[in-house]
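In what follows, chains are A, B, ... by sequence order, proteins preceding strands, each numbered from 1.
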2 protein chains.
Amino acid sequence: MTDQRTSPVTLHDVAQEAGVSLATASRALNGSSRTVNDAYRQRVLAAASKLNYSTNLSAQAVAKGSTTSVALIVGDISDPYFSSIAAGVIKGSDDAGLIVTMSVTERSTQRELELVRALRGQRPRVIILAGSRSSEEEHQGALAQELQAFESNGGRVVFVSQHELPFDTVRIDNYGGARALALELVALGYTRFAAITGEHALLTATDRLAGFSDGLASHGIMIAPDHIVTGAFTRDGGYAGALELVDRGIDDVELVFAVNDVMAIGAMSGLRSRGIEPGRDIAIAGFDDIQTVRDVTPALTTVSIPLFEVGESALAVALRPRDVGVGVVTGDGAGAGVAGASAERDVAVATSVVLRASTPGIAVR
Amino acid sequence: MTDQRTSPVTLHDVAQEAGVSLATASRALNGSSRTVNDAYRQRVLAAASKLNYSTNLSAQAVAKGSTTSVALIVGDISDPYFSSIAAGVIKGSDDAGLIVTMSVTERSTQRELELVRALRGQRPRVIILAGSRSSEEEHQGALAQELQAFESNGGRVVFVSQHELPFDTVRIDNYGGARALALELVALGYTRFAAITGEHALLTATDRLAGFSDGLASHGIMIAPDHIVTGAFTRDGGYAGALELVDRGIDDVELVFAVNDVMAIGAMSGLRSRGIEPGRDIAIAGFDDIQTVRDVTPALTTVSIPLFEVGESALAVALRPRDVGVGVVTGDGAGAGVAGASAERDVAVATSVVLRASTPGIAVR
DNA sequence: TTGAAAGCGATACCAT
DNA sequence: ATGGTATCGCTTTCAA
């Protein structure tokens, strides 16, 4: 009820109130080993609660030389792909008694770099990068340097999805998943495809498109160059992409593959707006298996990624002892294509194709 | 390239490298007033960049007695309702040079309390609570006490949506929005309703149901008690709720109102699984206007809330000077029903009804 | 302007 | 087991 802006009560105040030394108070409140007389301990606890004391984490961090925070960088938090991963990271952190701070790159590699720089000041235990990685040379270099400095000071770095830098990674098999999807679709009887992909520098997008194309190629099928459109990695990007495809003419196309679910869902609406009914007039497939694909009509065929687990794994990888070098592989890791020297530190997450109503058996129309 | 775990370079190192005093280095790197000789300043900057220096934010916080962080508490980050609000908070924070830390209550009021307690240690500038507020007495008391202690130490507290505690609030007009929706639906010709709501203690759920019911009541319409089911505030809760309704028998029901979009979307799938086609056999309406409601079939009628702006507003409210007491009202604030002494500190966010294909004109069937 | 030194809040080593 | 005190990295008087 007191409304005056009192200054925060410090450990010193608590010690005084309890009639013990600063050191004892500290030990009673935090010290791991229970080396403190129970009577004293009670007095300290009582004093703390009476004064409504709350440990100053910053001061604690300075004194201990380490924090309890995890920095998570995502591309866009309102995208279910990222928010599901974030949920996993947060869950894992909570369980480990860590606090997560979250930043958004808005899918800008420039911003990603700035964030890493700023975040370093926080001295987090871990930095997890789940933003979409790009393959721009100069950017990669600067980012790598910053992260290396962070690691050499004891921090841990973990990437999610594909990347080309020498850091721990929770690798999502984008290529293999897309390839498997292509094979299943061919088996269903489809032979004429179109695709909506993300910008060229986006590794996730290019890997998926490459996997899909290669899968088709193994059956001698090719996607005509003008049947591949590029758009923003978002719902609206998918919508616009679909319109573009229609404008270019896709009368002979049986199935449209969008490199992620959000785009696929946007594409469905785009097609529908042009009088083309997904699942009847044309088939659609996406990638990610986000929650909502079950609730759109028709339900979307896609490649499933255990996103929440990806987030949990990222944290687990970060927390595991530094010298553990044995690769842990979740799932079958099909086509993981481990490459390079640091591969053994990677965790591969398996993907699986999920066929739904958006790709009915046997070619439509 | 150096792989040895060097200890972080400190300001001291930078000062030494630049051949200036600690104080000067500090001023050159952070000090607001440009009271430092430009030649020195350059040397310090050069030294800092050469050594790859990064300010230790914890130490800075201890010395200055204040941090640059914002603590955001949400119910469930993978729920688009929360992630959209979070996006707004993050955007606003970035613009203000603040870092946001994010925690999840998993919709547990117990957990919410624990989080607030833990978060206080962080000494954030602001704590924003967007988790669903509950009306449980004991919990409210403990929470209020913790928050009050935080405020009296200079922190700012902001609630999002409805609440019953004396803190700044970005108020979402749940009651008014639902009431307006009911009126529009009645105007469309609907007369027989069912509802799927959240647990009793959830203010958001009860306010919306109350608004909806009152809207109907003003036209002499009532929802039969056994046509109101309760479920989890999630997609699956909506799905289950729909099944429950069907089991109870809803042959005479023309429209189902779910208290949020995620539940409504789940309900649509639930109904469909029982052979009842939403938009044709029965109408559906939700609340929130999350992104995906435009992409489900039929598109969902709902009450729109500018979620991203809600997040931005929450931060703006938190950052505004302590003594500003004038109420800022965004939008028309229809039915905002400002009440109590602290109301003038509130910001009301207007909601608006959006009619879509899930509620075709004139009663169906 | 610049530098020396006194904090900020907490931890941990070292005696007692 | 407990208390005194140096220390952590940085900011900020206070003199010079």
Quickly work out the [X] [atom1] to [N] [atom2] distance and round it to whole Å.
| X | N | atom1 | atom2 | result |
| --- | --- | --- | --- | --- |
| A/N153 | D/dC8 | CG | C1' | 15 Å |
| A/L29 | C/dT11 | CG | P | 8 Å |
| A/Q122 | D/dC10 | CD | C1' | 17 Å |
| B/Q16 | C/dG3 | CD | P | 13 Å |
| A/H12 | D/dT5 | NE2 | P | 14 Å |

* Asked: Hey, what do you get for OG (A/S54) to CG (B/L119), rounding to the nearest 0.5 Å?
  ->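 Going from the OG atom of A/S54 to the CG atom of B/L119 covers 9.5 Å.
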* Asked: When A/V317 is tested against each of A/V160, A/V157, A/D168 for side chain to side chain contact (heavy atoms under 4.5 Å, CB included), which residue passes?
  ->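 Looking at A/V160, A/V157, A/D168, the match for A/V317 under the side chain to side chain contact (heavy atoms under 4.5 Å, CB included) is A/D168.
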* **No-hydrogen, no-angle side-chain donor-acceptor test under 3.5 Å, B/D95 and B/S93** =>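 B/D95 vs B/S93: no donor-acceptor pair found between side chains.
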* Asked: Under 3.5 Å, is there a donor-acceptor pair linking the side chains of B/N52 and A/R120?
  ->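 The criterion, which ignores hydrogens and geometry beyond distance, is satisfied for A/R120 and B/N52.
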Would you say [N] has OP1 or OP2 under 4.0 Å from some side-chain N or O of [X]?
| X | N | answer |
| --- | --- | --- |
| A/N56 | C/dC8 | no |
| A/S21 | D/dG3 | yes |
| A/T35 | D/dA1 | no |
| A/N30 | C/dA10 | no |

Out of [options], whichever nucleotide has its closest atom nearest the side chain of [X]:
| X | options | value |
| --- | --- | --- |
| B/V20 | C/dG3, D/dT12, D/dG9 | C/dG3 |
| B/Q60 | C/dT2, D/dC10, C/dG9 | D/dC10 |
| A/V36 | D/dT2, D/dG9, C/dT2 | D/dT2 |
| A/T10 | C/dG9, D/dT2, D/dG3 | C/dG9 |

* Asked: Does the pair A/E114/A/R117 count as a salt bridge with the N-to-O cut at 4.0 Å?
  ->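 Salt bridge: no.
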* Asked: For DNA chain C, whose closest nucleotide is more 5', that of B/A63 or that of A/A23?
  ->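 So the residue in question is B/A63.
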* Position toward the 5' end of DNA chain C (nearest nucleotide), A/T55 or B/T24 ->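 Going by which nucleotide is closer to the 5' end, it is B/T24.
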* Asked: Between A/L22 and A/Y40, who's closer to the 5' end of DNA chain D by nearest nucleotide?
  ->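 Closer to the 5' end of DNA chain D: A/Y40.
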* Asked: When only distance counts, do a donor and an acceptor, one from the side chain of B/R27 and one from the base of C/dG3, lie under 3.5 Å apart?
  ->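 For B/R27, whose side chain was compared with the base of C/dG3, there is a donor-acceptor pair (under 3.5 Å).
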